[in-house]
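Here is the structure we will look at.
Residue numbers start from 1 in every chain, and the chains themselves are labelled A, B, ... in the order their sequence lines are given, proteins ahead of strands. Here the structure is a predicted model, which is why all the values come from computation and not from measurement.
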Amino acid sequence: MLPWVYEFRWDAGHIIFLGVFFSVLIIIASTLMRALMRAIGDFKNRRVDHVMWEVAFEDLPEPARACRHQLSGEVAHRTCPNEFDCRDCVSHELFLRANPVPPAGTGPQAPEEEQLFGLSFPLDRYYDRGHTWVKPAADGTLLVGLNDLGTRLLGSVENIQLPEIGSTMHVHGTAWQVSTRGADTRILSPVEGTVVDVGGPGKEWYLKVRPEGNGDALRHLLRGAEIKPWLTRELERLQFALSEDGVGMSLADGGVPVEDLPRSAPKADWDAVWGEMFLEA
Amino acid sequence: MDQTTVKKSRYGMAIDLDRCTGCGACLIACAVENNVSPGQPKVNERNGTTWMRVFEVQDGRPFPDAQTAFIPMMCQQCEVETPCVSVCPQNAVEVDPETGIVGQIPQRCLGCRYCMTACPYHARYYNWWDPKWPDGMEKALNPDVAPRMRGVVEKCNFCHGRLHEARARAAAQGSRQINPSDYIPACVEACPVQAIAFGDLNDESTDVALLARSERAFRFLARLGTETKVYYLSGRDWVRRLADRELARSKKETLHG
Amino acid sequence: MDKLLITRGVQRSPFWKFILWILPWAMLLAWGLYGAYLCLAEGLNQTNMDNRFAFGLWIYLDLTVIAFGAGAFFTGFLLYILKRHELKSVINSAVVLGLICYSGAIVVLMVDVGQPLRAWFTFWHPNVHSMLTEVTFCLTLYLTVLILEYAPIVMKNRQIRKVPSYLVFEFNLHKLMVVFAGVGAFLSFFHQGSLGGLYGVLRGRPFAFREDLGIWPSTFFLFVLSAMAAGPSFVLLTTWLVEKLSKKRLVKRETMSYLGKLSGVMLIIYILFKSVDTLIWINSTSPSSGFPAFEYYDRAAFGTWVLFAEVVLFGLLPALVLLRKKLRERMVWLIPSAVFVLAGVALNRFVLTIQTLALPTLVFDEFLSYMPSWQEVATFSMVIAYGVLLYSLSFRYLHLFPQERELTQPY
Amino acid sequence: MPLTLTRRNVLKFVGGSIAGMMVTPLPWKLLDDVAIWTQNGPWIPKVPRGPITTAFSTCALCSAGCGIQARCVNTIPYALSGIRNHPANNGTLCPSGVAGHHLAYHPLRLKSPVQLFRREETIEVQPVSSEEILGKISAAVAISRNAGEGTLALLDQRPGRSVSLFYRNQLAMHGRGVYLVSPTDPILITQCLDEMVGTSFGPVGYNLERVRTVLSFSAPVLDGWGTPVQTSKMLAHRGSSGQKGARVIQIDSRYSRSAQLADQWIPIKPNTEAALAFGLAHVLLREGLYDKALIQSRALDFQTKGKHSYFDLVGRFTPDHTAECTGVSRDVIVATARALAAQGPSLVIGDGDSGGGPLGREAEMAVWGINILLGALGSNGAIVHHRAVPAPKEFSANGLSPVQGVSDIPDHSIGVLLIDASEQGDPLPWSLLERKLIPDQSLVVAFSPTLTGLAQHTHYIIPTPAHLEALTDVPTMLSSATGTFSVSSPLLRRPEGTMDAREIMGKIFEVEGTLEELLKQRTSAIFESRRGRVFKASTGSSVQLTELGSSDELWAELTAGGMWMDDPVRSKPLPEFHFMGRSPAAYERMLDAGEGISSSNEPDAPRKITVLPYGRRAEVGGAQLSPLMTKLYQESGLHRSSKVAVLNPATAKEFNVANGGRGTLVTERGTQEVTIRVDGAVMPGVAEIAVSPEPVGQAGTEIVQEQDILELIVPDQAPTWRAFRATLQKA
């Protein structure tokens, strides 16, 4: 195998054969090393949250990965290529230019639209696809909370694990974790920044975050007129998730989800539903 | 004899099938010489170890006209494209360029048995059992030949131990060329009717070289092109036809052994 | 009970049902382990192999499962190198199948060789001219590659993925999968081919011996082609079986049909080459070594029907069905065709292993038959049971079919 | 620089060394070597180490007297070969001889006296002291001598040795002593000639060099019947040697080795050899192909008035009648007789097969008859006189007990049966011996090194030294043209607890002396005779005996692989003789033998097959085979095991058994399972089954009784067991 091992001959056969063997071995080993180095790099660059979200996003069923502009009807079919992070999305830029979304609270939207399908979706805030909302506060911080559907989906939370004050949030990284009925669900962070204060289920908001970076920190979030079609889609998804294993529960069109969904349909596979709705594979 | 240059040898055999009586002395002498262990209680014709084995063959004619011949069959020492050498994954089979003898290195053999499937003469044997001798018989083993272990392949090597001994004897006399009468494989020595000739095929004057060129000489499966160095001699047509399937077909009788 | 280990959003049978399912397989595995233990401890006298039948059930099994396992490399190659994204839905399953087939084959090989502790000698003193050396090297490397391909699937298990380092490593490894796919395809090409070369180089066995094409005998290429035909069919068939057993749709029908098409295309190429090769062999290669080819089909059960079955019944017929879009889109045609493809390849491996050894070379030698001993059958079953268990566990706890949730939730 | 020994420094040093070592070939070479070492585990037997020496002796496994050259390590022989130029074997050995040095390690070897208990299929042994056995024998001997109840019989499986003379002498003195030999022993064939001549005709042998045609009646002439040198000479014309050999015609019911190797095989219905002999004689007489003057003058029963004569007897066996009796075609009979007469000198050999039993007295006389007609006993014939090997007078001072075949003594007559050399000689059905014993009162003791063969049927075994442990002389072979004498000297140390037969008999009869003294006396007698030549192993050539200086010198040569060969003598003219022997009912007995009363009166019952047992003289036929003999019996098909019945395909079909299938043979004595082999060359209607013991390659946990086809023989059925009928069923 090696030149000093008995039976090694310096002939073409040996050189070619062992050359190929060692090359392949080196390719495999170096690829493995490369993956390892990159993983270490990701850790060093604090990209763990990002990676976790990317992996989760990859695993989402295709319909769950629809682009916001598909939901709004601007395009017939488009799967988001950027893991719901529109901040650097060129297409989003182009879509916006063609058809700007009115800022929240202005434009053609009527106040009553804050009530959608019996759920409270105030227009003064931004909504993330992971059922959180972001509301800029006066002091420049951002308030982060769970939207009405999200709250009803989880029902009464048994245990909640909020981040420590001072910890860093990444877009679509873990904001906080809840465990209910034996299943863990992580709630995606809608924004990037440092946690300056924490609230909780009983409070108005869950987190107060000091944003990081430039002004487009909220660019990837849904707003205004985008909310309704998205919510429609989400309720559809919920409907299917619930009806999957014949629980028999249905959210009739226009029907209002009850305050505590798990309690009203205890037999449903809530673990699966939460995974589905909170974008966790 | 010139002692500075060692001429290359091609050791071969010529076995006279018209003389062979099928007594089996060669087979036993071989086993004695090469420390082949006695068979286990469950051993049979298909899983035994007989480096040299004698086939009893008939011309297929029915009673009372049947003719019988005995064919001693051992490693045929293929010279060209030696089938077992190229298949061994770990160089446990080698042709010695000095002697032309196909050697097996049992200590390196993995026991994959690929060489056995490659051998057209079924001359290779696998140690299906641990080698065992009755009590005390280890003391009567040939000190020149290492016993093999279970799970490796072995075969005829023209009595390698004897070649070593002959070389040692030559070296003791300051010669690098062995004396032909010092190197005679056990089967050749034992044959009661002296049906086997052995020697260097490269040396035109040896009996074996003469016999190999005789009209009665033939080799089994010669058309495989492996240029075996074991020749067989027979004046009987039906025996000579056993060398090749197509030849055997050319006669109407069906053959069985 | 084990719900938290199961991928979110997919339905798996209750734990007790799963236990009931794996219990008989586990028992089979235990029996097989005992058989293999006997062979290792007592020696291969436990088998019914002998000096003529130096290869038996095990080598046949190895050749067949490795051919079937070709789905892993072929699918990977098409997906990652040729970017056939429709295969993404079966790649995980194909990798698991590949891993099962290859690791099973290597385990059996280790029982089969007389001195398994010397297996490393092949690396240490390699005879580079031996097909078996090529097989050994490629098989070991490819098994490494398969493990590296399987590792990300494991690391994405619901609980394991919670460990960030695993997930991040998985993520980065997965990104480099194209390298492994390439290496895998390269290695597979050589060892599938070398397995064929294993027999093709047997000058002393004119039934198996074939002329060289370049530096390899023609069986080298025939094995590559037939393995590429068998691989997709095996993935297709197992997927279908899993669908039937789990009563779920796991893969889109188009993917199934596409796998069938792949098989069909490879098979027709294979059959074409095989026919030409057989004709050359019958008319030139074999007779020139003194062996009239018709004699081979003159013995015991091995009639010319073997050749017919291999080329027409299990070759041309399924190939034609699979090549017709309308037929392969219907399960009643697709599935039996896949079965036929596999039967044809398995028959080919059987013929090359068993018939080659059963046929006499010397005129006065006889045709031999061989029946494996229970220890051999046990070791064989051990691999089957191991495969079923590993697949069952993977199917239950790992996310093998990315389309599963999608297909079970009709959007 | 100060050298501080800190842990860190030490670790650094070690680490650096290891790293540095990796770039040298050392670890890799080590790995290589370890790879080889690991393959030499303790479970693999180690070859012995020690000084290599060469020793010479003579093989005593049969009476060929082959010279053996042993390569020894630590004085233990590890390989045997023949001594070059030796008159018996010229450098070659038979398979048994080649592996002779293994017999001491036979898995069923006994090293201390045992008592035997036979169970269903196994044998249990219990150690006893030799004194106890000897005491029992002495007591029984005394009873037999004084009370006259039963005889003291000694079955000598190797007659003709010097110790055999000692036995006969002692038995003659005992009064009720009987000296028995196997019915197949060649001595009995010469006895037939003696019966024809009326006096002791003297030892005869065969001068094969003179012979052009050999007609063998089932004798294994090409398979261990003669010495290797003789067999080689008979086959000399084969192949490319260009030498002249003899044309061999084999008359055989079996497709035996000799039938396979002979120039012509004449298959014959089992047990009809006498008829064929008469038929051949018929042709010779009818065509005048014999020495009329000699027959007229010497034969007393050739043509007699008023009494049935040989002429009458042979006259009945016309070629047609003979063909009917024997199944041999008329033309073959005539042609064979003519060939014998025309292509002389011719020789007809009776003898029969060692395992298959004797041809029978009448058939042997019929064979001698043809030899006489052909002039084979004449001065130019191939059957030559030789002189007995000289023996001291005191060997026979007290008379010699006559040699008797086992079948020749009355049933239930033996009180004490001692079997010497029971591991040797031809196989013998135990049933034949058993009926000679006084039921339930007899004592049977074997002197044997192994628990094999006849020894398995005895009450006690006193272990004797094994082959090459024992000192013994090798008697002259039947086929030898002159008397020969050689000594097998021990190459191995005999184990404690073994006694040679001379020691045992000396204790029983209270006679002083050792075997070595006995043999030395004989050697002296030979030396005193001043005849013959001596082959010296050391030089590989022969010298006149007179060239040796002393008896001790002769002894030294004989014990080192040498051989003494008597000078040939001019053949005595044939005295007056009776073709049919001298017994009152000679004609009737001969006629019965020819017409075959025993086999033809039984109706051809369906499902009955004629079993032809056979032994192999080449393998001594006896009960000792080297463990390595598994190579011939189990590991290759060269020698059929005793569990295999070979049938003609047509017969197999008739009995509904298939090649490789199992069958059961049944007689009133028992059943035996056999594996069926189909062979187109075998005579239809018969099953050929070997009687040799199975070689024992490895010791088992218990001693299994040998199962032999001879067990199935119904002893009263016939004087010989060459062919018997048994039911064959598919198993």
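A donor-acceptor contact shorter than 3.5 Å is absent between the side chain of B:R124 and the backbone of B:K155.
Note that CD of D:Q230 is 13.0 Å distant from CG of D:N90, once rounded to the nearest 0.5 Å.
Salt-bridge formation is not detected for the pair B:E215/B:R240: no Lys NZ or Arg NE/NH1/NH2 atom is positioned less than 4.0 Å from an Asp or Glu carboxylate oxygen. The pair D:R640-D:E688 fails the salt-bridge criterion, with no side-chain N (NZ, NE, NH1 or NH2) lying under 4.0 Å from an Asp/Glu carboxylate O. A salt bridge between B:D59 and B:R236 is absent, with no side-chain N of the basic residue lying under 4.0 Å from a carboxylate O of the acidic one.
Proximity to chain B (any heavy atom under 4.5 Å) is restricted, for D:N648, to the side chain, taken from C-beta onward. Proximity to chain D (any heavy atom under 4.5 Å) is shown, for B:V36, by both the backbone and the side chain. In this structure, chain D has a heavy atom under 4.5 Å from the side chain of B:F70, while its backbone stays farther away. Residue contact with chain D, scored on non-hydrogen atoms closer than 4.5 Å, is absent for B:R46. In this structure, chain B has no heavy atom under 4.5 Å from any part of D:N74. Looking at B:C30, there are no atoms closer than 4.5 Å to chain D (heavy atoms on both sides), in backbone or side chain. For B:S214, no part lies near chain D; criterion is any non-hydrogen pair under 4.5 Å. When heavy atoms are compared at a cutoff of 4.5 Å, D:R84 approaches chain B solely by way of its side chain, counted from C-beta outward. When heavy atoms are compared at a cutoff of 4.5 Å, D:L492 does not approach chain B at all. Only the side chain of B:D144 has a heavy atom closer than 4.5 Å to any heavy atom of chain D. For a residue to count as touching a neighbouring chain, one of its non-hydrogen atoms must lie under 4.5 Å from one of that chain's; by this rule B:Q40 touches chain D with backbone and side chain alike. Of the two parts of B:D65, neither the backbone nor the side chain holds a non-hydrogen atom closer than 4.5 Å to a non-hydrogen atom of chain D. At a 4.5 Å heavy-atom cutoff, the contact between D:L261 and chain B is made by side-chain atoms alone. Contact annotation for D:P77: only backbone heavy atoms (N, CA, C, O) come within less than 4.5 Å of a heavy atom of chain B. Only the backbone of B:D135 comes within contact range of chain D, with heavy atoms under 4.5 Å apart. Proximity to chain D is absent for every atom of B:L210, based on heavy atoms less than 4.5 angstrom apart.
You'll find the side chain of B:W133 stays beyond 4.5 Å of the side chain of D:Y105, heavy atoms only. Contact of the B:M74 side chain with the B:M13 side chain is registered, since non-hydrogen atoms from C-beta on lie closer than 4.5 Å. Put simply, the side chain of B:R53 does not reach to within 4.5 Å of the side chain of B:H122, judged on heavy atoms.
Ranked by non-hydrogen atom pairs under 4.5 Å with chain D, the options B:A69, B:P64, B:C26 are led by B:P64. Annotation: maximal heavy-atom pairing with chain D below 4.5 Å, among B:A29, B:A66, B:G235, B:P38, occurs at B:P38. Of the listed residues (B:A140, B:P41, B:A31), the one with the most heavy-atom contacts under 4.5 Å to chain D is B:A140. Most heavy-atom pairs under 4.5 Å with chain B: of the set D:L628, D:T630, D:V682, D:V98, this distinction falls to D:L628. Of the listed residues (D:R109, D:K233, D:R71), the one with the most heavy-atom contacts under 4.5 Å to chain B is D:R71.
The salt bridge (charged side-chain N to carboxylate O under 4.0 Å, His left out) search around B:E94 returns none, not counting sequence neighbours. Remark: D:Y78 engages no residue in a ring-ring contact (aromatic ring centres under 6.0 Å, His included) (not counting sequence neighbours).
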Derivation of the side chain to side chain donor-acceptor pair (under 3.5 Å) call for B:Q173 and B:N179:
CA-CA 10 Å; B:Q173 290 161 2; B:N179 180 354; over 6 Å; no
B:L242 vs B:Y232, side-chain contact (heavy atoms from CB on, under 4.5 Å): CA-CA, chis, key distance, verdict
CA-CA 11 Å; B:L242 296 173; B:Y232 291 83; over 6 Å; no
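When each of D:H101, D:K631, D:H106, D:H102 is paired with D:S626, the side-chain hydrogen bond (donor to acceptor under 3.5 Å, both in side chains) condition holds for D:H102 and for no other.
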